[in-house]
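Naming convention: chains lettered A, B, ... in sequence-line order (proteins, then strands); numbering from 1 in each chain.
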There are 2 protein chains.
Amino acid sequence: MPERKPRKDAARNREAVLVAADALFARHASPEDVTMADIAAAAGVGKGTLFRAFGDRPGLLRALYEARLEPVRAAAEAGPPPLGPTTAPRQRVPALLDAVLCFKLDNRRLALALEESGSGSPYQAEHYERWHTLLRAALEQIPGLADTGFTAHALLAATRADLVEHLAGQERVPRERLRAQLAHFTAGVLGLDPPQEATAQD
Amino acid sequence: MPERKPRKDAARNREAVLVAADALFARHASPEDVTMADIAAAAGVGKGTLFRAFGDRPGLLRALYEARLEPVRAAAEAGPPPLGPTTAPRQRVPALLDAVLCFKLDNRRLALALEESGSGSPYQAEHYERWHTLLRAALEQIPGLADTGFTAHALLAATRADLVEHLAGQERVPRERLRAQLAHFTAGVLGLDPPQEATAQD
DNA sequence: GTCAAAGCGGACCCTGGGTCCGGATTCTAC
DNA sequence: GTAGAATCCGGACCCAGGGTCCGCTTTGAC
């Protein structure tokens with residue numbers, strides 16, 4: 001499985017497409033008025049190239065999303081506290097959720113685009129499963145918690161891209177307020193005393 | 001605004017379309033391979049008729065969904081306990097969520113189709129707002145609960161159609177188990193003693 | 001029975017994702 | 001350096017499916 005590396009122009013074009021797509025999604029309010037042809041044009045590349053590199057629209061979105069997510073994921077899977085695995089579960093669960101929320105806040109349009117690209121159930125996506133597994137494992141270490149699988153799903157559901165978009169976008173809930181609300185909610189689920197006061201997480 | 005009632009043939013056709021669509025969505029695993037043309041054909045009606053009656057695809061889906069939802073909604077807004085407004089909040093919140101979950105379980109394909117129809121944010125849909133308002137009002141009556149608006153969203157997020165589809169469909173979690181898990185989760189959020197033992201709801 | 005309004009339906013249009021293939025590039029072997 | 005093959009490029013092309021249009025039919029009020 002030498003998996004010979006791609007040609008130089010292929011790599012360059014792939015990068016150009018990612019950059020262009022990123023910019024386009026950031027610029028347009030709704031993902032569905034960024035067309036594959038638009039992306040190709042913006043990247044100065046033919047449509048064929050774009051489909052060759054990413055397979056299809058969901059594929060492109062996924063690639064973009066995962067590239068952006070990578071550092072966060074790495075921090076969560078092997079980084080230092082409060083995200084990394086050495087953190088005590090009661091601190092780590094809220095930290096993980098906060099990280100996911102922040103990521104979605106920083107990449108609202110992209111996350112939305114991915115969800116709306118109709119790439120089958122989001123629950124089969126690799127990145128979702130990773131978060132779920134991580135979260136579930138942390139939950140399992142907290143005594144007295146049952147149904148950790150479902151609980152992990154339910155907690156993650158509170159960070160769904162369209163909900164975030166609705167709250168942050170339409171309702172104009174400020175970022176820090178949203179984070180606090182999620183933290184509060186999470187604490188409730190874990191049965192901890194909720195962080196009522198301004199828990200300095202700015 | 002006499003809003004004169006529609007002609008008889010119009011009413012009949014509208015009904016035929018709803019029935020046909022319902023049957024088609026039930027029969028097909030994925031909503032997206034039920035085409036508008038399919039529905040028209042199955043209803044024995046022209047495409048024009050179908051679009052005249054419902055405007056567009058999301059419109060049709062919404063009409064179907066709301067027709068199905070109507071009785072549940074009525075029960076929740078003005079019915080007897082445990083769903084109706086006379087119920088004590090601590091009982092009513094779980095009851096509302098259970099009702100929503102059951103509805104989605106009974107109408108999985110339809111709910112999925114609606115979500116996937118790309119009719120803008122689901123959070124602006126009338127039916128969603130109704131549930132949210134109801135739930136929030138109930139939550140507000142429980143002392144010591146903050147962020148009721150967010151909490152209502154987060155709880156409802158746990159009943160999202162695609163999550164339900166994933167759990168009930170792919171993972172084959174049995175209906176009663178799912179209901180129990182949601183009930184348990186809800187209890188946790190409310191800070192109640194969770195219904196640990198087999199709370200006979202099978 | 002008559003007439004206008006409402007509705008019907010299927011041919012048609014158009015957008016946008018996805019394919020194809022002749023020609024240009026890059027890489028490898030000599 | 002160069003020949004040849006493998007890979008890639010790109011834009012013309014295809015097609016499914018949502019949505020429109022308009023001449024004809026049905027309905028119902030008088």
Side-chain angles (χ1 to χ4, degrees), chain A residues 1-21 24-25 27-64 112-120, chain B residues 1-21 24-25 27-64 112-120:
Chain A
M1 41 139 288
E3 184 84 11
R4 75 157 135 302
K5 61 182 167 187
R7 268 167 42 171
K8 208 174 1 173
D9 52 351
R12 178 167 35 80
N13 281 333
R14 184 186 166 90
E15 209 49 39
V17 168
L18 285 177
V19 170
L24 282 181
F25 282 117
R27 178 151 43 254
H28 292 252
S30 171
E32 67 208 26
D33 45 47
V34 175
T35 234
M36 292 302 266
D38 291 344
I39 298 177
V45 136
K47 270 179 72 176
T49 302
L50 183 155
F51 280 95
R52 152 176 293 267
F54 299 98
D56 54 10
R57 187 177 162 98
L60 167 54
L61 276 299
R62 225 177 299 132
L64 235 187
L112 251 191
L114 184 62
E115 267 190 12
E116 284 181 12
S117 73
S119 55
Chain B
M1 41 139 282
E3 185 84 13
R4 72 158 136 304
K5 63 182 167 189
R7 266 166 46 170
K8 207 173 4 172
D9 51 350
R12 178 166 34 80
N13 280 334
R14 185 186 165 90
E15 209 49 38
V17 167
L18 285 176
V19 170
L24 282 181
F25 281 116
R27 179 152 44 254
H28 288 85
S30 171
E32 68 209 25
D33 43 49
V34 174
T35 227
M36 293 301 268
D38 290 345
I39 298 176
V45 136
K47 271 179 69 175
T49 302
L50 183 155
F51 279 96
R52 152 176 291 267
F54 298 98
D56 55 10
R57 187 178 161 98
L60 167 54
L61 275 301
R62 226 176 297 133
L64 236 186
L112 252 191
L114 185 61
E115 267 190 13
E116 284 181 13
S117 74
S119 54

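- Rounded to the nearest 0.5 Å, atoms CZ (B/Phe25) and CG (B/Leu61) are 4.5 Å apart.
- Across all non-hydrogen atoms, the minimal contact from A/Ala53 to A/Arg14 is O-NH1, 3.5 Å.
- Annotation: side chain to side chain contact (heavy atoms under 4.5 Å, CB included) contacts of B/Glu15 (sequence neighbours excluded): B/Leu18.
- Here CG of A/Asp33 is found 12.0 Å from CZ of A/Arg27. Values are rounded to the nearest 0.5 Å.
- Taken residue by residue, residues 45-57 of chain A places heavy atoms nearer than 4.0 Å to DNA chain C at A/Lys47, A/Gly48, A/Phe51, A/Asp56, A/Arg57.
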Next item on the list: Dump the intermediate steps for side chain to side chain contact (heavy atoms under 4.5 Å, CB included) on B/Arg57 and B/Leu60, then the final yes or no.
Entry: CA-CA 5 Å; B/Arg57 187 178 161 98; B/Leu60 167 54; 5.7 Å; no

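- A pairwise comparison of heavy atoms in B/Leu64 and B/Ala21 identifies CD1-CB, 3.8 Å as the closest pair.
- In this structure the side chain of A/Phe54 never reaches within 4.5 angstrom of the side chain of A/Arg62, judged on heavy atoms.
- In terms of phosphate contacts, A/Asn13 brings no side-chain nitrogen or oxygen within less than 4.0 Å of OP1 or OP2 of D/dC8.
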Notebook entry, point to check: Which parts of nucleotides 25-30 of chain D does protein reach within less than 4.0 Å, heavy atoms only, written one letter per nucleotide 5' to 3' as B for base, S for sugar-phosphate only and - for none?
Noted result: -BSS--

Side chains of residues 38-52 of chain A: which donor-acceptor pairs under 3.5 Å do they make with residues two or more places apart or in other chains?
{"residue": "A/Asp38", "atom": "OD2", "partner": "A/Thr35", "partner atom": "N", "Å": "3.1"}

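- Residues from residues 29-43 of chain B placing a heavy atom under 4.0 Å of any atom in DNA chain C do not occur.
- Taking five base pairs at each end of the helix from C/dG1-D/dC30 to C/dC30-D/dG1, the local helix axes there meet at an angle of 20°, rounded to 10°.
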